[in-house]
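Just so we're on the same page: letters track the sequence lines, and every chain starts at 1.
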Amino acid sequence: MYALVDGNNFYVSCERVFQPALNGVPVVVLSNNDGCAIARSNEAKALGIAMGAPWFQIKHLEASAGLVALSANFGFYGDMSDRMMRLAAALGPRQEIYSIDESFIDLAGVRGDLVERAHTIRSRILQGTGIPCGIGMGRTKTLAKLANHIAKTAERKPGSYPEALAQVCNLEALQAAEQEAVFAATPVGEVWGVGRQIGKRLVAGGIHTVLDLQRMDLATVRRQFSVVLERTVLELQGTPCIELEHMPQAKKEIACTRSFGRAITTLEPLSEAVTEFASRAAEKLRRQHGLANQVLVYIRTSPFRKDDRQYSRSVTVPLRRPSADTAVLVQSALRGLGSIFVEGFRYAKAGVMLLDLQSNRLQQGELDLEDDRMEDRSRLMLAMDTLNQRFGKGKVHLASAGLQGNHKQWTMRQERRTPGYTTSWADIPIARA
Amino acid sequence: MNSICKTALPVGFEPMVPIPALQAPMLVTLICNKVQAGFPSPAEDLGMVRLDLSKLIGADEEDAYFMWVSGDSMVQFGIFDGDLVLIRKRKRPRHGQIVIACLDRDFLVKKLYKKPDGTKLQAGNPEVPDIVLKDGQTLEIWGVVTNTVRMFKA
């Protein structure tokens with residue numbers, strides 16, 4: 001048995017903890033650079049705001065419907081997530097943190113009434129963090145995820161499912177007929193692992209609901225779709241195929257990309273941005289004990305600015321030897337940038353990706369044919385990472401990233417960000433006495 | 001442990017069997033380890049750790065939050081302007097406890113009076129009136145204050 005604990009409208013719920021006045025009000029949280037809505041309160045959903053809706057398209061609702069928009073405050077959300085995850089961990093013996101607001105709990109060996117237990121944990125999380133969550137339980141991870149969807153929808157849209165399934169839903173505790181009715185009432189697109197494309201194909205083939213998919217013939221699924229979907233169907237039928245993952249897998253590639261606060265036309269600020277992105281990526285690479293073999297850098301104009309002349313280019317720079325050295329990776333990224341930069345465009349976004357990663361525990365032997373005079377700077381990198389960890393992100397950085405004191409042209413626009421309520425002494429709330 | 005040995009074999013290591021030459025490339029992972037010599041610490045087995053204030057007052061709990069205090073209405077209860085208060089959000093607010101209340105977009109630190117004759121937020125300063133709830137007005141208690149930390153101007 002598995003459970004999925006998932007915070008409702010997580011980012012919005014976090015904001016409401018320290019701004020109770022936002023309760024009952026339509027609220028959205030905007031992505032980096034205040035680009036689009038990445039979290040919506042139920043009231044905002046009721047206004048018809050879609051996930052990912054661009055800010056400029058919904059901005060008018062500020063005046064007409066009292067919509068409140070906030071810039072994402074990820075540091076704060078991370079701390080609230082940590083609190084929620086620790087409280088959720090008490091549900092069972094093992095936990096997999098799946099995303100900032102979701103974790104799977106293995107319920108093996110847990111005795112007693114699971115629904116009651118889940119309600120207890122749910123109220124513990126609500127009291128301790130102020131974040132409401134939904135808990136779904138089932139025999140497999142796919143079923144637990146589906147049960148979570150049912151628990152949340154039953155609460156948000158009364159009448160969609162039996163009232164008893166709101167907030168906490170255990171599919172295993174349902175009678176066969178009840179379970180069928182619930183599956184028949186759920187569109188197939190809600191199943192974990194059924195993407196938009198596959199969903200469309202399934203509907204076109206007459207598979208509309210979860211019940212339809214669950215009853216499909218396995219061999220047909222494999223033949224017409226894939227082994228992956230076959231696994232999903234098996235999971236829906238109650239055969240566990242997806243294990244709990246304890247350790248996050250090492251990433252196959254590491255990307256750091258961002259839109260700029262405003263358009264950039266010259267090479268210098270672009271170089272600063274690319275330096276910083278490559279440095280960030282290099283830091284992540286070292287954290288997973290990896291080495292990169294190639295560096296990809298790209299720049300582009302904004303497709304939203306229809307009047308601008310458009311340009312978008314990327315280039316991959318192979319490295320002489322696999323490396324995790326910030327200076328080496330930045331140098332390659334800047335060389336790439338120099339080869340694709342063309343004057344006369346209004347650049348809106350740049351990115352750096354480290355590709356073809358390998359573990360730093362493996363080293364390819366080579367004949368000593370040439371000396372590239374590259375000294376091993378892994379100790380320098382370790383010192384830099386340790387300093388930045390202790391004294392704050394970006395304290396020690398390459399000079400080509402620009403100086404913090406200068407107002408960087410390309411830094412993020414976050415005009416509506418709330419303070420670090422739980423992460424900075426200077427930002428914690430003030431209680432009036 | 002993450003360091004990579006540059007030489008193929010550690011100094012002083014003499015294999016009994018010659019390593020066959022391979023045509024295919026071979027990946028060799030070496031583990032370099034050090035063995036500690038010297039007298040073991042007599043404190044090793046005692047498992048003692050240094051005192052931790054966070055643990056004592058519960059500041060490391062999942063429901064623990066901090067706020068700064070501004071104002072003089074709680075001085076009789078020992079809470080002063082500029083103090084730091086520790087709040088536990090999961091504690092059930094009871095009569096007589098110092099609480100954080102939400103009122104009109106503000107966080108207030110007050111003493112909770114909760115008796116059959118009514119609910120009010122008491123101040124600890126004769127010059128400051130208590131806040132009495134009117135009918136229909138709802139009071140949200142955000143959390144219970146369990147500790148204060150006072151910063152002396154050093």
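Residue B/Ile87 does not touch chain A at all, counting heavy-atom pairs closer than 4.5 Å. Looking at B/Glu61, the atoms closer than 4.5 Å to chain A (heavy atoms on both sides) all sit in the backbone: N, CA, C or O. In this structure, chain B has no heavy atom under 4.5 Å from any part of A/Met84. Interface remark: B/Asp72 contributes backbone atoms only to the contact with chain A (heavy atom separation under 4.5 Å). Interface remark: B/Ile79 contributes no atoms to any contact with chain A (heavy atom separation under 4.5 Å). Residue contact with chain B, scored on non-hydrogen atoms closer than 4.5 Å, involves the backbone and the side chain of A/Pro429 alike.
Residue B/Lys91 places its NZ atom among 12 or fewer non-hydrogen atoms of other residues, nucleotides or ligands, all under 6.0 Å distant. By the neighbour-count criterion of 12 heavy atoms within 6.0 Å, atom CE of B/Met48 is sparsely surrounded, having that number or fewer from other residues, nucleotides or ligands. Shown here is A/Arg416, whose CZ atom has more than 12 heavy atoms of other residues, nucleotides or ligands within 6.0 Å. No more than 12 heavy-atom neighbours from other residues, nucleotides or ligands sit within 6.0 angstrom of CD on A/Gln389. Under a cut-off of 6.0 angstrom, the local environment of CD in B/Glu127 is sparse, with at most 12 non-hydrogen atoms contributed by other residues, nucleotides or ligands. Counted within 6.0 Å of CZ on B/Arg94, heavy atoms from surrounding residues, nucleotides or ligands total 12 or fewer; the atom is thus considered open.
When all heavy atoms of A/Arg83 and B/Asp63 are compared, the pair lying nearest together is NH1-C, 4.2 Å. A/Ala433 approaches B/Met74 most closely through the heavy-atom pair CB-CG, 3.8 Å. The shortest non-hydrogen separation linking A/Thr129 to B/Lys89 is C-CE, 4.0 Å.
A/Gln19 CD to B/Arg105 CZ: the interatomic distance, rounded to the nearest 0.5 Å, is 7.5 Å. Rounded to the nearest 0.5 angstrom, B/Arg90 CZ and A/Leu126 CG are separated by 11.0 Å.
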Run A/Ile428 and B/Tyr65 through side chain to side chain contact (heavy atoms under 4.5 Å, CB included) and show every step you take.
CA-CA 9 Å; A/Ile428 63 172; B/Tyr65 301 84; over 6 Å; no
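Counting only distance, with no hydrogens or angles, the side chain of B/Trp142 and the backbone of A/Phe18 share no donor-acceptor pair below 3.5 Å.
The candidate from A/Asp79, A/Thr422, A/Leu87 with the greatest count of non-hydrogen atom pairs under 4.5 Å with chain B is A/Leu87.
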